[in-house]
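Taking it in order: structure first as structure tokens, then the write-up.
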Protein chains: 2
Amino acid sequence: MAVIDDVARLAGVSKATASRALSGRGSVADATRQRVLQAAAALDFRASPAAVSLATGRTGALGVLAPAIDTWYVSTLLRGIAEAALSHDLDVVLYDLGRGAEMRERVFERFRQRHHIDALISTTFALTHREVSRLASIGIPAVALGDGAAGVRSWCLDDERVGTLATEHLLSLGHRRIVHVGGSTVLDESLFAAERLRERGYQRAMRAAGLQPAPTLLHDPTAEASYAHALSMLRSPDRPRAVFAATDEIAMGVLLAARSLGLRVPLDLSVVGVDDHAYAAAFDLTTVRQDPREHGERIVDWLVADLAAPSGDTSHELIEPELVVRGSTAPA
Amino acid sequence: MAVIDDVARLAGVSKATASRALSGRGSVADATRQRVLQAAAALDFRASPAAVSLATGRTGALGVLAPAIDTWYVSTLLRGIAEAALSHDLDVVLYDLGRGAEMRERVFERFRQRHHIDALISTTFALTHREVSRLASIGIPAVALGDGAAGVRSWCLDDERVGTLATEHLLSLGHRRIVHVGGSTVLDESLFAAERLRERGYQRAMRAAGLQPAPTLLHDPTAEASYAHALSMLRSPDRPRAVFAATDEIAMGVLLAARSLGLRVPLDLSVVGVDDHAYAAAFDLTTVRQDPREHGERIVDWLVADLAAPSGDTSHELIEPELVVRGSTAPA
DNA sequence: CTGTTAGCGCGTTCAC
DNA sequence: GTGAACGCGCTAACAG
């Protein structure tokens, strides 16, 4: 494999000039640049990432810190990040926190090593306070998608707005017996934050309509747990006529339960979810959409700009959710 | 941040000795090694990955080449890979091929650069012949999970066995009107290979039972497309009494269609899927399990061993599938 | 605008 | 078993 010295020799210039011509930094005469570029192409020259990294202190890689990536939201987000990173000529290094404490500890220990990555993207609401402060002490810039930490640029879906959007949709259809089914409290406190905000949005919308919010039903945020809980909820004689589920996965569990009980959706029961999960259309589910792929692209673009010219921006930006009406909701 | 010179000085030895003591290569007196280790710990020394990489030619990273990672199989596989890589102190660099041709081209172009990664794991059946040969010319060792390429160590689910397992289960329950619903041919030829094998397994089992296999119904391998197709299939007067779906996602579409037509599962219709998808239990779906997480761990472990001592092994290993019986299948 | 020189932080000969 | 010197491939600082 050709090295930069070969290119310089073939172009009849010094290593330094070749480097300048190749990287675009520093000024080089046009004719000289052309010769260098041609020589590089002829030799199929590729700079050694390790050498560049050692000389510049940059790695050309972005780290992504994610809790269990086998979920719709995180894996879709990752696609957006990977695509955007590639277009900026950056590698994506994946750190999966898993679902247990042991992995998390090992990942954070690994972070203390130097210069594996130029910047870190922490995704979804899974960092503890201790982890946030550990990240801060590493010295590489970090941004967060989700509940923002102090001193870190972050984006977050406006989860309270999610709750009011979904609830107001049901209210506008004339529903009054509306129940909110949420996720569990067993996961991280910071994940719980999103759930609490969605619940609060629901309660606010109910009260604004002069209605008493029903107690939120909590369980594991999976279709399976939701199915089991929804069965008993829907068997009750005073069952709700409308359900606002905190995620599409939960909503799917409710839909499956309703169907197996012979309830017709949306005639006997209206259901709204959150996410616009890949299956939401197949379930004909009305939902509040968020677009993780676009989130990923947005965060990478921002990071690349900030890497080039650090802005010191530590703002926390709310992402506006969008209601998608499908066939799972109908007038009361 | 402390460098190895600081460690050497504190321990009262030379850089060379410090390096030997830290890496474990070369012989160092026990007492000396202890002093170096203590000094390193005291200074919280971490070797610079870039410098190590430049000196040794190793990057300490594994590349993972994946088609669209927002699918259950790939994202779960990625978890297994990430966890295993972490335990071997390796980074995971993600290359998402996406669903279009443009991304693929850019990813493969990127591969031509040197030494981003020590080895490459290509996952699921998505490589074209041209891509396989491009990979081969890169010079970094590659292994494949899926349809094996010549000269590359590979693992693959025994897809024909998948088909016979599922079909024989339905046959053993007394079913005779069994239809196979498969994925589409619009994706890569190599993905199609798995589908064809599952179909062949179905046909073989049917013929072995003295039955005529029905023509396979093909459509996009999503729950949504499956739902639409299943509706018309199940409305037909001579509808099947049992369905073997090529994936759980397809099976879910069939189940949703059956329920919306008022058909009772498994009384009126038995359904078998493939994967043991995260939702399979919620759907109470009988399925042929594969364990992508375990596949990921297995492949990384093999790779690490082969990196340490290249075996030249280019064998192609079949992974045995396992039937999981749940409530979506019952006697005819 | 260009060439020379000096590192970046390690691993690794080769002497001793 | 240990130390001095060199090299990995590139970029940055300084002259010219």
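What you are looking at is a predicted structure, and each value in this text was computed from that prediction instead of being measured. Chain A is the first sequence line, chain B the second, and so forth, proteins listed ahead of strands; every chain is numbered from 1.
For B/T32 and D/dT2, the shortest distance from a side-chain N or O to OP1 or OP2 is below 4.0 Å. For the OP1/OP2 pair of D/dC10 and a distance below 4.0 Å, the side-chain nitrogens and oxygens of A/S48 include no atom meeting the criterion.
A/S53 comes within 4.0 angstrom of no nucleic acid atom, judged by non-hydrogen atoms across all strands.
Regarding A/D6, its CG atom lies at a distance of 13 Å from the C1' atom of D/dC10, rounded to whole Å. Distance, B/R9 CZ to D/dA4 C1': 15 Å, rounded to whole Å. B/F45 places its CZ atom 8 Å from the C1' atom of C/dG9, with the value rounded to the nearest Å. Atom CG of B/L43 is separated from atom P of C/dG9 by 14 Å (rounded to the nearest Å). Atom pair A/L54:CG and D/dA12:P shows a separation of 12 Å (rounding to whole Å applied). Between the CZ atom of B/R58 and the P atom of C/dG9 there is a distance of 23 Å, given to the nearest Å.
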Q: Just do the side chain to side chain donor-acceptor pair (under 3.5 Å) check on B/R153 and B/S315 with the steps written out, would you?
A: CA-CA 5 Å; B/R153 173 79 161 105; B/S315 60; 3.2 Å; yes
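Taking the ring centroids of B/Y95 and B/F111, they lie under the 6.0 Å cut-off.
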Could you go through nucleotides 11-16 of chain C and list every protein N or O atom that sits under 3.5 Å from one of its N or O atoms, giving the distance for each pair?
from, atom 1, to, atom 2, distance (Å)
C/dG11, OP2, B/S19, OG, 2.6

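Residues B/E109 and A/R46 are paired through a salt bridge, judged by an N-O separation under 4.0 Å between the basic side chain and the carboxylate. Taking a cutoff of 4.0 Å between a charged side-chain nitrogen and a carboxylate oxygen, B/R9 and B/D6 qualify as a salt bridge.
A 4.5 Å side-chain heavy-atom check between B/I319 and B/Q290 finds every atom pair outside the cut-off.
Here CG of B/D291 is found 9.0 Å from OH of B/Y73. Values are rounded to the nearest 0.5 Å.
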